[in-house]
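Remarks on the structure that follows.
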Amino acid sequence: MFRRALMACALLPAIGAGALAAPAETGLKAQDAATALVRGDAGQAVVGYTDALKDAGLTNDRRATLLNDRAVAYARLGQTKLAIDDFNRAAQLFPEYAAIYNNRGNLLLALGYTEEAIKDFNRAIVLAPGYAAALSNRAGALAKDGDHGEALRDYTAAVRLMPQAAAPLAGRGRVHMAAGRPHAAIRDFSRAVTSDPRFAAAYRNRAEAKLDILRMGDAIEDLSRAIAFDVSNPELYLLRGQAYLASDNAAAALKDYSHAITLAPAMARGYAERGLAYGLTQSFDLAFADLNRAIELDPRGALAFAYRAVVYKMSGQTDVGLKDAETAAKIDPDGAEVLWAKAEIEEAQGRVELAVADYKKALAAKPRLKLASDALTRLGADGADAEDREIADAGVDVWRVVQRGSQFYAVSERYRRLRIPLEMAGAGTPKLLEFEIKKPPLRGIAILRFSAGAIASETGPAPTEQVAILDLQANSVIGIEPHREGDKVANWTWQNDRVVVASVDGATDEFMLRNAQVRAAEQEQRRQRRQQQQRAKPKTFFQFLFN
């Protein structure tokens with residue numbers, strides 16, 4: 001966290017020529033300390049700042065900046081009391097210096113004092129209204145406190161001030177994820193990794209959003225990038241294992257789960273996930289060994305009981321599985337995996353209606369749970385049922401708007417396999433405005449434009465619109481992009497293989513379209529055929545002599 005804290009520049013004080021020696025030496029010590037801090041050597045930075053602070057001739061504001069910087073170094077060393085003491089002393093000496101409150105707020109937030117941290121970020125922003133780092137940090141604190149609406153506003157303000165900064169983009173992406181807007185999250189995470197290609201957390205977060213919309217191949221690619229930057233993180237291997245398993249690649253999933261267990265042998269979840277994977281490959285002895293080990297490590301963990309219930313069912317022991325499913329339900333009755341396990345047992349018992357209802361509850365709790373989605377397909381159940389409530393007069397063309405829980409979707413009898421999430425930008429109910437099917441060479445590509453609520457602005461509520469980019473042939477949503485915000489309208493440039501959007505927030509987004517992917521696949525197939533033909537073609541006498 002403190003790598004993002006604002007650091008004061010080591011400036012030489014403005015003094016007379018006759019007194020240059022000592023202040024110049026102090027300035028050099030402070031500059032060396034700042035260099036050490038940037039380099040990651042917080043211990044050397046503390047030594048340098050401490051030497052610089054020995055100068056009795058320092059003005060209050062100069063001493064405060066050095067105390068602020070030394071506090072950041074102390075915080076990086078984990079010496080929180082010394083850091084707080086330095087921040088407090090700096091605030092007494094130079095109460096108008098916004099960076100002190102921003103940095104102290106960061107430390108308070110890391111220590112779990114969210115309300116006090118927000119107060120410090122408020123002070124920093126009052127002193128410097130355009131202080132993007134403080135806005136971003138306050139947004140993080142508000143999100144941690146559960147205030148996603150205010151957090152989103154602060155992150156958006158920070159992004160407008162620092163459009164190329166990865167941290168506020170990634171923070172806003174996490175808020176979108178928490179609010180159930182995975183396409184908006186993917187957009188922000190993509191901008192973050194474009195700004196900082198080594199931002200491992202953004203790749204991981206984008207992968208989780210892609211898992212939620214069942215883009216497993218893309219998620220695996222992002223998780224592989226994240227692992228390249230963070231090879232010892234077991235959580236990344238667990239996530240990639242889930243993506244592999246959902247892609248029907250059990251061998252790769254087992255390899256990742258085993259690697260996660262090697263990295264974290266006391267983590268029950270690793271054994272639980274590997275146990276399920278073994279069960280799906282009908283390696284029941286290995287599955288039960290892993291699931292039993294997971295329960296030993298965490299007797300109150302619902303996941304292992306839920307998975308063991310399903311493996312018992314797979315091995316023909318539904319009655320024994322029922323007991324585990326009941327145990328899991330007592331521990332975590334609303335858990336997605338628990339609901340899925342309960343549905344599996346109900347299906348095996350012939351209680352299909354109950355099973356369908358619980359599969360749908362599991363998917364509502366965790367959209368990426370492909371095993372539940374596959375089960376609904378197996379039972380012939382689709383997404384349109386009594387749980388959908390239609391919004392009157394909100395449709396356009398062949399599309400109508402339905403609501404399930406707090407989420408809105410566009411659905412159509414013509415495109416029954418395509419269920420479009422209508423991600424809202426502000427308060428209100430969505431209304432479909434335009435459906436357009438693109439002409440060749442963009443065959444199969446379409447857009448669905450819809451009103452996405454109103455957001456607060458300096459002139460009052462500003463209406464917003466979003467556009468869903470659709471692949472009608474693949475029954476998928478390529479992306480959802482902001483189109484209008486008050487008087488600002490995005491500029492769309494359609495090309496043969498992509499669309500480039502100059503967004504209303506000043507950023508530019510690019511979406512590759514299916515026909516580009518198809519052409520790339522066809523070119524690869526043609527290249528492979530040429531290679532095969534060249535290998536199959538008999539050699540000439542000249543080639544035999546000289547090759």
Under 4.5 Å between any side-chain heavy atoms of Met512 and Glu510, yes or no?
yes

Please assess Leu322 against Lys342 for the test side-chain contact (heavy atoms from CB on, under 4.5 Å), listing each intermediate value before the final yes or no.
CA-CA 8 Å; Leu322 175 61; Lys342 181 170 176 280; over 6 Å; no

Side chain Asn137, main chain Ala133, donor-acceptor under 3.5 Å
yes

Please list, chain by chain and in numerical order, all residues satisfying salt bridge (Lys or Arg N to Asp or Glu O under 4.0 Å) with Lys366, sequence neighbours excluded.
Glu337

Between Arg206 and Ser190, does any side-chain donor sit less than 3.5 Å from a side-chain acceptor?
yes

Residues Leu236, Leu238; criterion side-chain contact (heavy atoms from CB on, under 4.5 Å); working and verdict
CA-CA 5 Å; Leu236 295 176; Leu238 287 179; over 6 Å; no

Looking at residues at least two apart in the chain, or sitting in another chain, which of them share a side chain to side chain donor-acceptor pair (under 3.5 Å) with Asp145?
none

List for me each residue that meets salt bridge (Lys or Arg N to Asp or Glu O under 4.0 Å) alongside Glu235, sequence neighbours excluded, and say none if there are none.
Arg269

Tell me whether the count of non-hydrogen atoms from other residues, nucleotides or ligands lying under 6.0 Å of CZ in Arg378 goes above 12.
yes

Over 12 foreign heavy atoms within 6.0 Å of CZ, Arg198
no

Look up atom CZ in Arg240 and atom OG in Ser247, then write down how far apart they are to the nearest 0.5 Å.
12.0 Å

Side chain to side chain contact (heavy atoms under 4.5 Å, CB included) against Ile213, all qualifying residues, sequence neighbours excluded:
Pro182, His183, Ile186, Arg215

Heavy atoms only: give me the nearest Ala124-Ala134 pair and the separation to one decimal.
CB-CB, 4.0 Å

Taking the side chain from Thr281 and the backbone from Tyr278, do they hold a donor-acceptor pair closer than 3.5 Å?
yes

Residue pairs involving residues 302-314 (criterion salt bridge (charged side-chain N to carboxylate O under 4.0 Å, His left out); sequence neighbours excluded):
Arg308-Asp324, Lys313-Glu344

Please indicate whether Lys144 has more than 12 foreign heavy atoms, meaning atoms of other residues, nucleotides or ligands, lying under 6.0 Å from its NZ.
yes

Residues Gln466 and Glu423: side-chain donor-acceptor under 3.5 angstrom:
no

Are Arg204 and Glu208 close enough for a salt bridge, meaning some N to O gap below 4.0 Å?
yes

What is the distance from atom CG of Leu245 to atom CG of Leu254, rounded to the nearest 0.5 Å?
7.5 Å

Between the side chain of Ser476 and the main-chain N/O of Ile478, is any donor-acceptor distance below 3.5 Å?
no

Sub-4.5 Å side-chain heavy-atom contact between Asp374 and Leu376:
no

How long is the gap from CD1 on Ile345 to CG on Leu354, to the nearest 0.5 Å?
13.0 Å

Mind checking whether Gln242 and Tyr244 have side chains closer than 4.5 Å, heavy atoms only?
no

What's the separation between atom CG in Leu211 and atom CG in Leu223, rounded to the nearest 0.5 Å?
6.5 Å

Who pairs with Lys255 by salt bridge (Lys or Arg N to Asp or Glu O under 4.0 Å), at least two apart in sequence or on another chain?
none

Side chain of Tyr237, backbone of Val231: donor and acceptor closer than 3.5 Å?
yes

Begin from the C-alpha positions of Val398 and Glu413 and carry the test side-chain contact (heavy atoms from CB on, under 4.5 Å) through to its verdict.
CA-CA 7 Å; Val398 298; Glu413 290 298 317; over 6 Å; no

Side-chain donor-acceptor pair present, Glu221, Tyr203, cut-off under 3.5 Å
no

Closest heavy-atom pair and its distance - Val401, Ala394:
CG2-O, 3.4 Å

Closest non-hydrogen contact found for Ala202 with Ala192 is CB-CB, 4.2 Å

What residues form a side chain to side chain contact (heavy atoms under 4.5 Å, CB included) with Leu161, not counting sequence neighbours?
Ala132, Leu135

Audit row: Tyr307, Val338, side-chain contact (heavy atoms from CB on, under 4.5 Å) steps and yes/no
CA-CA 8 Å; Tyr307 285 171; Val338 173; over 6 Å; no

Output yes when Glu436 and Lys438 qualify as a salt bridge under the 4.0 Å nitrogen-oxygen rule, no when they do not.
yes

Enumerate the residue pairs fulfilling side-chain hydrogen bond (donor to acceptor under 3.5 Å, both in side chains) with a member in residues 154-171, sequence neighbours excluded, ordered by first and then second residue.
Arg138-Asp154, Thr156-Arg172, Arg160-Glu485

In the structure I gave you, are the side-chain heavy atoms of Leu432 and Leu422 within less than 4.5 Å of one another anywhere?
yes

Rounded to the nearest 0.5 Å, what separates atom OG in Ser136 from atom OH in Tyr131?
11.0 Å

Restricting to salt bridge (Lys or Arg N to Asp or Glu O under 4.0 Å), what partner residues turn up for Arg153, sequence neighbours left out?
Glu150

For residues 425-469, which residue pairs pass the ring-ring contact (aromatic ring centres under 6.0 Å, His included) check, not counting sequence neighbours?
Trp399-Phe435

May I ask you to test the Gln282-Met314 pair for a side-chain heavy-atom distance under 4.5 Å?
no

In Å, rounded to the nearest 0.5 Å, how long is the span from OG1 of Thr114 to CZ of Phe121?
9.5 Å

Looking at residues at least two apart in the chain, or sitting in another chain, which of them share a side chain to side chain contact (heavy atoms under 4.5 Å, CB included) with Val489?
His483, Arg484

Is there a donor-acceptor pair under 3.5 Å between the side chain of Thr377 and the backbone N or O of Ser373?
yes

Taking the side chain as C-beta and beyond, is there a heavy-atom pair between Ile391 and Tyr409 under 4.5 Å?
no

Heavy-atom side-chain contact between Leu470 and Ile445 under 4.5 Å
no

Using side chain to side chain contact (heavy atoms under 4.5 Å, CB included) as the criterion, list what pairs up with Ser503, not counting sequence neighbours.
Arg191, Glu481, Pro482, Asp505, Asp509

Determine whether more than 12 heavy atoms belonging to other residues, nucleotides or ligands lie under 6.0 Å from atom NZ of Lys330.
no

Any sub-3.5 Å donor-acceptor pair from Asn205's side-chain atoms to Ala201's backbone N or O?
yes

Taking the side chain as every heavy atom from C-beta outward, state whether Val499 and Thr493 have any pair of such atoms under 4.5 Å apart.
no

Short question: side chain of Ser451, backbone of Lys431 - any donor-acceptor pair under 3.5 Å?
yes

